[in-house]
Amino acid sequence: MTTPLAPLVLGIETSCDETGAGLVRGHELLADSVASSVAEHARFGGVVPEVASRAHLEAMVPAVDRALATAGVTLADVDAIAVTAGPGLTGALLVGVSAAKAYALALGKPLYAVNHLAAHIAVDQLEHGALPEPAIALLVSGGHSSLLLARDIAGDVQPLGATIDDAAGEAYDKVARVLGLPFPGGPPIDQEARGGDPAAIAFPRAKYRDQTLDFSFSGLKTAVARWVEDRRAAGASVPVADVAASFQEAVADVLTRKAVQACRANGVDHLVIGGGVAANSRLRALAAERCEAAGIRLRVPRPGLCTDNGAMVAALGAELVARDAKPSLLDVGADSALPVTSVLV
Ligand code: KG4
Ligand code: ZN
């Protein structure tokens with residue numbers, strides 16, 4: 001007798017500038033197709049919402065078709081549709097939500113409108129199996145930097161702390177701009193930092209010693225900009241690699257220190273890191289070092305699953321289906337400010 005296959009879940013992601021379509025069965029990743037409009041935003045130094053929405057519209061169906069072809073399945077094989085309902089850019093979210101509703105209605109399959117942030121955590125199940133419960137999650141992306149207590153990734157996610165100003169990814173993007181590096185700033189800064197000295201410049205580490213689990217990156221971003229401006233005003237060259245490495249060290253230092261603090265304060269010995277900044281090589285290395293020293297088990301998905309994609313949405317959808325969660329209504333809307341506590345809408 002063969003074991004029945006877990007339901008096939010199609011995940012759709014359009015919260016920012018990546019159009020993602022992923023296919024997942026249980027914890028198994030079958031396809032992850034991502035089309036990015038990043039090149040269209042590069043000259044503006046940030047994502048232009050209207051440009052992103054239009055790009056999603058054009059990329060949506062081809063992305064789904066590519067995912068189906070990669071997985072060797074057809075739409076008729078899909079058992080459920082999951083889609084990012086928020087948080088994110090309203091117009092961009094609407095494209096994905098509308099497409100997901102259309103697929104659900106046409107196929108007569110249930111729709112799960114899910115939280116983008118919870119999906120960034122759930123994606124780790126595709127790589128490392130079932131998430132331990134409870135777990136502390138450090139979620140670091142272009143729009144968010146939070147510490148969460150995930151008692152149950154399908155339903156009980158509580159915020160412990162968050163940035164009071166800029167997100168970590170936002171700081172990367174702004175610092176890259178100051179240094180004349182391309183958008184998005186994370187990958188080029190990560191690259192430059194490899195050839196620099198992380199101790200070259202002592203950039204500030206805000207909220208480092210306070211008892212909260214909040215972050216602040218706006219002062220760091222300004223400190224880097226001032227330092228670079230002063231150098232230029234003095235007619236000196238800017239040591240880009242050293243600035244990148246020193247900035248990156250400040251970010252990784254604060255994020256990992258607070259993540260370990262969150263684990264200790266809540267008596268939790270599992271840490272999951274997710275979101276685009278989790279692709280950062282220094283953050284991954286320092287987190288591994290500090291977790292090992294503190295006796296905390298660390299899980300970080302591979303870099304390609306950290307940045308926005310459809311597989312993460314399918315992963316969370318598959319978890320909800322496995323737990324018999326009640327599907328969303330077909331009149332569900334997009335919510336640009338969906339709180340992290342709403343895993344399923
Ligand atoms: O999760 P994500 O793809 O989109 C949002 O939900 O925001 O995160 C995008 C952010 C950008 O700010 C980008 O600069 C940052 O993730 N990022 C990185 C790296 N790769 C992407 N930051 C640091 N190091 C990286 N290697
Ligand atoms: Zn994201």
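Remember, it's 1-based here, ligands and their atoms both numbered in the order they're listed.
Near Pro187, meaning under 4.0 Å from one of its heavy atoms, ligand 1 places the atoms 19 (C), 20 (N), 21 (C), 25 (C). Near Gly143, with a cut-off below 4.0 Å to any heavy atom, the atoms of ligand 1 are 7 (O). Near Gly169, meaning under 4.0 Å from any of its heavy atoms, are these atoms of ligand 1: 12 (O). Which parts of ligand 1 touch His120 is read off a 4.0 Å heavy-atom cut-off, strictly below it: atoms 1 (O), 6 (O). Under a 4.0 Å criterion applied to the non-hydrogen atoms of Gly185, ligand 1 contributes the atoms 14 (O).
Looking at Glu50 and Arg54, no side-chain N of the basic residue comes within less than 4.0 Å of a carboxylate O on the acidic one, giving no salt bridge.
Protein heavy atom at the shortest distance from atom 26 (N) of ligand 1 is Asp190 OD2, 3.0 Å. Protein heavy atom closest to atom 21 (C) of ligand 1, with residue, atom name and distance, is Gly276 O, 3.4 Å. The nearest heavy-atom contact from the protein to atom 2 (P) of ligand 1 is Asp308 OD1, 3.3 Å. Nearest protein heavy-atom contact of atom 24 (N) of ligand 1 is Asn280 ND2, 3.0 Å. Atom 14 (O) of ligand 1 has its closest protein heavy atom at Asp173 OD1, 2.8 Å.
Considering only non-hydrogen atoms, atom 25 (C) of ligand 1 lies nearest to Gly186 out of Gly186, Gly275, Ser141. The option with the heavy atom closest to atom 7 (O) of ligand 1, from among Pro303, Gly274, Ala278, Gly142, is Gly142.
Hydrophobic cluster membership for Leu316: Val9, Val24, Leu29, Tyr112, Val114, Leu117, Ile121, Val123, Leu126, Leu131, Leu139, Leu148, Ile153, Val157, Val272, Leu305, Met312, Val313, Leu320, Val321, Val340, Val343, Leu344 (Ile, Leu, Val, Met, Phe, Trp, Tyr linked by side-chain heavy atoms under 4.5 Å, directly or transitively).
Within the protein, the N, O or S atoms sitting under 2.8 Å from the Zn ion (ligand 2) are His116 NE2, His120 NE2, Asp308 OD1.
Leu5 and Leu68 fall into different hydrophobic clusters, where Ile, Leu, Val, Met, Phe, Trp and Tyr are joined by side-chain heavy atoms under 4.5 Å apart, directly or via other members. Clustering ILVMFWY residues whenever any of their side-chain heavy atoms sit less than 4.5 angstrom apart, transitively, puts Ile81 in a cluster other than the one holding Leu57. If you chain together hydrophobic residues whose side chains sit under 4.5 Å apart, Leu181 and Val38 never meet in one group.
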Legend entry - From CA spacing to verdict: side-chain hydrogen bond (donor to acceptor under 3.5 Å, both in side chains), Asp165, Ser216: CA-CA 6 Å; Asp165 40 54; Ser216 166; 2.7 Å; yes
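Legend: residues meeting side chain to side chain donor-acceptor pair (under 3.5 Å) with Glu127, ordered by chain and number and at least two apart, are Arg302.
Pairs of residues two or more places apart, or lying in two chains, never qualify as ring pair (Phe, Tyr, Trp, His ring centres under 6.0 Å) while including a residue from residues 286-306.
Across Ala52 and Ser37, no two heavy atoms sit closer than the pair CA-OG, 4.1 Å.
Between the side chains of Tyr172 and Asp190, no donor-acceptor pair of N or O atoms lies under 3.5 Å.
Judged by the shortest distance from any of its heavy atoms, Cys16 lies outside the 4.0 Å radius around the atoms of ligand 1.
For the side-chain hydrogen bond (donor to acceptor under 3.5 Å, both in side chains) test with Thr19, the passing option among Glu58, His56, Glu13 is His56; the others fail. Exactly one residue among Lys258, Arg290, Arg282 makes a side chain to side chain contact (heavy atoms under 4.5 Å, CB included) with Asp253. That residue is Arg290.
By the criterion of a heavy-atom distance under 4.0 Å, neither the backbone nor the side chain of His144 is placed next to ligand 1.
Aromatic ring pairs are classed by plane angle as parallel below 30°, tilted from 30° to 60° and perpendicular above 60°; the pair His120 and His116 is perpendicular.
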